[in-house]
Number of protein chains: 2
Amino acid sequence: MIKKAKLLDIAEALGISTGTVHRALHNHAGVSSVTKARVQQMAKTLGYRPNLAARYLSSKRTLRVSVNTLKGTTSFWDEVRAGISEEARALVMENIEIEYRTYPRLGEGEEEAFEAALKAGVDGIITFPSRPQSLQAWMRRASRGGIPVVCVATDAPNTGRLAVVSIDTLASGSLAADLMGHFLSGEGTVAVTLSSVAITEHSEKYKGFASTLSGLYPKMKVLEPLEDHDIETVCYEKSRELFKNHPELAGIYVTTEASIPVLNAARDAHVLDKVIFITTDLFPALVPEIRSQAVAATIYQRPRTQGRRAFRVLHEFLVEGECPSFQVTLAPHLVMRGNLDFFLQRQTLESTPQRAVGVPSDSPEMIDYFG
Amino acid sequence: MIKKAKLLDIAEALGISTGTVHRALHNHAGVSSVTKARVQQMAKTLGYRPNLAARYLSSKRTLRVSVNTLKGTTSFWDEVRAGISEEARALVMENIEIEYRTYPRLGEGEEEAFEAALKAGVDGIITFPSRPQSLQAWMRRASRGGIPVVCVATDAPNTGRLAVVSIDTLASGSLAADLMGHFLSGEGTVAVTLSSVAITEHSEKYKGFASTLSGLYPKMKVLEPLEDHDIETVCYEKSRELFKNHPELAGIYVTTEASIPVLNAARDAHVLDKVIFITTDLFPALVPEIRSQAVAATIYQRPRTQGRRAFRVLHEFLVEGECPSFQVTLAPHLVMRGNLDFFLQRQTLESTPQRAVGVPSDSPEMIDYFG
DNA sequence: TTGAAAGCGATACCAG
DNA sequence: CTGGTATCGCTTTCAA
């Protein structure tokens with residue numbers, strides 16, 4: 001291994017001082033464009049990589065990141081935030097401040113939150129772009145200003161965002177389809193519910209589901225997706241209608257968190273035990289439905305891990321100036337009655353993280369179920 | 001936030017020098033037991049936490065860790081090692097050297113490898129204890145000597161090991177059982193194969209499977225586990241016997257990587273399409289079996305993630321003197337025909353990790369499927 | 001626009 | 001046994 005170049009090396013090579021080199025490399029004001037160019041060139045040829053420890057040690061600056069997410073309607077966003085602060089806490093370098101900005105519902109107040117973060121002069125933003133379109137202008141502005149933005153759960157295309165952390169939606173849909181096919185022995189009509197086909201995340205799940213089903217189980221039939229537009233009553237009513245119009249329905253895949261209204265509709269229509277349910281996410285109200293076999297399986301989207309990874313990517317960029325990956329796509333977990341308890345147990349334990357000092361005894365205690 | 005105490009603070013509080021404080025805190029020779037006690041007491045009351053950046057900057061020591069695993073019989077251990085070096089590379093602090101020691105088969109040469117690592121004076125060990133019993137003496141010796149040991153994939157109880165990283169075996173078995181129950185509509189006789197009931201990992205999978213099956217699907221019946229003792233021919237022969245003696249067999253859960261011999265036996269016995277297969281792990285030979293529906297589902301044990309987490313735990317302990325968790329238990333991933341391609345695609349991509357500098361364009365490229 | 005120098009907190013060595 | 005001090009590589013301020 002070649003000894004790595006430091007600021008002094010490039011300063012001496014150029015016959016200048018380390019102060020100038022530093023300013024040149026950081027595009028600070030007060031450096032002639034010629035020396036700046038010479039420095040940057042020399043840094044490249046010497047393969048200069050900053051020593052993060054030294055930087056941290058001498059720097060008094062503290063990084064500020066804004067986390068813009070949905071107010072905890074369900075536990076999903078609470079888990080995402082928990083993952084973020086968990087990862088931040090675990091960080092060796094503790095010069096990081098996290099500001100949480102939340103908005104009450106999809107598309108409501110997220111522009112304001114983003115603007116506020118920008119105005120506050122944060123160094124980076126983690127956001128859930130519930131309405132990518134409306135956020136686009138703000139995100140472009142951030143990226144033009146050199147503020148990295150990481151999207152969680154959903155992507156916001158053409159926004160110059162640094163990275164996106166999400167579940168593989170196509171795979172989620174495909175897994176749901178394959179399971180459904182198996183559960184129904186390859187026959188029957190199935191439905192899919194989603195918020196809106198306009199949302200990439202949802203339409204991809206539908207696409208994955210439909211294409212896998214038609215590919216692997218040609219005898220099965222998928223209905224047109226049911227759009228609930230994130231409104232519970234709409235979801236319930238449309239579901240009732242679905243069950244009335246399609247008495248032959250054998251299965252349904254709910255791609256969003258909105259599975260309870262569908263389940264209630266099925267119950268009220270007395271078709272609950274005739275229809276195989278595959279749902280999404282895991283939250284308290286869903287637990288009894290899984291226990292009672294009303295829901296055969298749910299696709300868990302690992303919100304805590306999404307939060308952890310989002311923070312890691314952003315932090316790595318802020319500290320090293322490198323982006324480990326533009327897209328972190330996680331495989332979803334499958335939760336059924338059989339392994340449900342293991343996930344719940346984990347969720348409980350997770351609220352009281354345990355750390356130990358020194359070489360511990362033989363008593364395992366922490367289960368990283370959601371990892 | 002209270003300003004954190006540093007060496008100088010505790011030195012001044014005691015009217016001594018930082019050098020003495022340093023030696024006292026590190027149990028270095030040449031400190032009177034009284035001052036050592038005073039220092040340690042004061043450190044505690046001041047809540048002293050060492051500044052890792054400063055330590056790294058001033059220390060010329062490089063950490064050496066030995067990774068003792070099975071030579072790549074299948075891709076499993078290659079993936080584990082890949083995860084380890086991946087995580088090591090990503091580390092900000094780069095004063096780490098990894099030495100890989102491998103052994104050809106289970107229980108063969110692992111004591112020697114462990115002894116060699118100890119003799120070489122490494123600072124920590126990550127190991128797969130294929131024969132926990134035989135390794136026990138060595139591991140205790142390591143822990144007595146203050147050398148932290150992290151187990152991957154399998155635990156080695158009562159060895160003073162620092163931590164264990166593994167898949168939740170009970171949950172794996174339970175998930176397999178619930179799937180099996182669904183696939184078979186709650187009826188039929190099923191079998192389980194494993195290496196040996198003496199191996200905790202395997203017997204737990206069996207236990208999870210059996211208890212979940214009897215709990216959720218009382219009409220189903222589980223046969224006594226079939227032990228193959230890690231010998232392919234034994235596995236094949238016993239499987240043939242099984243199929244002959246139990247023509248009513250409807251499903252089989254293979255808890256180990258040894259699914260190919262079982263599949264071949266089923267094929268040769270002409271029962272392949274009458275038996276639902278749920279297997280473990282994912283490797284090239286299994287791919288066509290999943291594609292052809294011979295295998296309904298496989299439980300993927302995320303070797304890469306296991307490697308990553310094992311390294312993280314060990315590193316954190318070496319650097320911070322803290323163990324983040326004694327037990328990292330991961331939820332397995334379920335792979336079926338529907339989502340198989342997504343996992344394979346990931347495996348390909350993973351061999352050529354991509355990093356980018358600066359704010360990248362809108363072209364997602366990396367899929368962290370195995371995360 | 002540039003240079004010089006004072007830290008940051010821990011380690012390691014040399015004197016006493 | 002203990003104190004003093006140079007050192008690690010970078011940031012930041014003060015002079016020039």
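Lettering of chains follows the sequences in order, A, B, ..., and the numbering in each one begins at 1.
Using a 4.0 Å cutoff on non-hydrogen atoms, no part of residues 38-48 of chain A comes near DNA chain C. For the contact set between residues 23-36 of chain A and DNA chain C, defined by any heavy atom under 4.0 Å, the members are A/Arg23, A/Gly30, A/Val31, A/Ser32, A/Thr35.
Contact check on B/Glu115 versus B/Lys119 returns a salt bridge, with a Lys/Arg side-chain nitrogen under 4.0 Å from an Asp/Glu carboxylate oxygen. Using a cutoff of 4.0 Å between basic side-chain nitrogens and carboxylate oxygens, A/Arg101 and A/Glu99 are scored as salt-bridged. In summary, B/Asp9 and B/Lys4 do not engage in a salt bridge, as defined by a charged side-chain N under 4.0 Å from a carboxylate O.
Both B/Gly19 and B/Ser58 sit near DNA chain D, but only B/Gly19 has its closest nucleotide nearer the 5' end. Mapping A/Arg55 and B/Ile16 onto DNA chain D by nearest heavy atom places B/Ile16 at the nucleotide closer to the 5' end.
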Would you give me the side-chain donor-acceptor pairs under 3.5 Å for residues 122-129 of chain B, sequence neighbours excluded?
residue  : atom : partner : partner atom : Å
B/Asp123 : OD1  : B/Arg61 : NH1          : 3.2
B/Asp123 : OD1  : B/Arg61 : NH2          : 3.4
B/Asp123 : OD2  : B/Arg64 : N            : 2.7

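Across all their heavy atoms, A/Ser143 and A/Gly160 have their closest contact at CB-O, 3.5 Å. The shortest non-hydrogen separation linking A/Met139 to A/Cys151 is CE-SG, 3.7 Å. Here the closest heavy-atom approach between residue A/Ala11 and residue A/Thr18 is recorded as CB-N, 3.8 Å. The two atoms that bring B/Ala53 and A/Tyr56 nearest to each other are CB-CD2, 3.1 Å, heavy atoms only.
Here the side chain of B/Tyr103 pairs a donor or acceptor atom with the backbone of B/Asn68 at under 3.5 angstrom.
Within the structure, salt bridge (Lys or Arg N to Asp or Glu O under 4.0 Å) pairs that include any residue of residues 135-147 of chain A do not occur (at least two apart or interchain).
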- Query: Please walk me through it: do A/Val150 and A/Val152 pass side chain to side chain contact (heavy atoms under 4.5 Å, CB included)?
  - Reply: CA-CA 7 Å; A/Val150 175; A/Val152 217; 5.5 Å; no
- Message: Is there a salt bridge (Lys or Arg N to Asp or Glu O under 4.0 Å) between B/Asp78 and B/Arg81? Walk through the geometry before answering.
- Response: CA-CA 5 Å; B/Asp78 286 330; B/Arg81 285 185 290 268; 2.8 Å; yes
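Running 5' to 3' along DNA chain C, contacts with non-hydrogen atoms of chain A at under 4.0 Å begin and end at C/dT1 to C/dG9. The span of DNA chain D lying next to chain A, judged by atoms under 4.0 Å from heavy atoms, is bounded 5' to 3' by D/dG9 to D/dT13.
If you check every strand for non-hydrogen atoms under 4.0 Å, A/Leu8 touches nothing.
The aromatic rings of B/His26 and B/His22 sit tilted relative to each other, their planes meeting at an angle between 30° and 60°.
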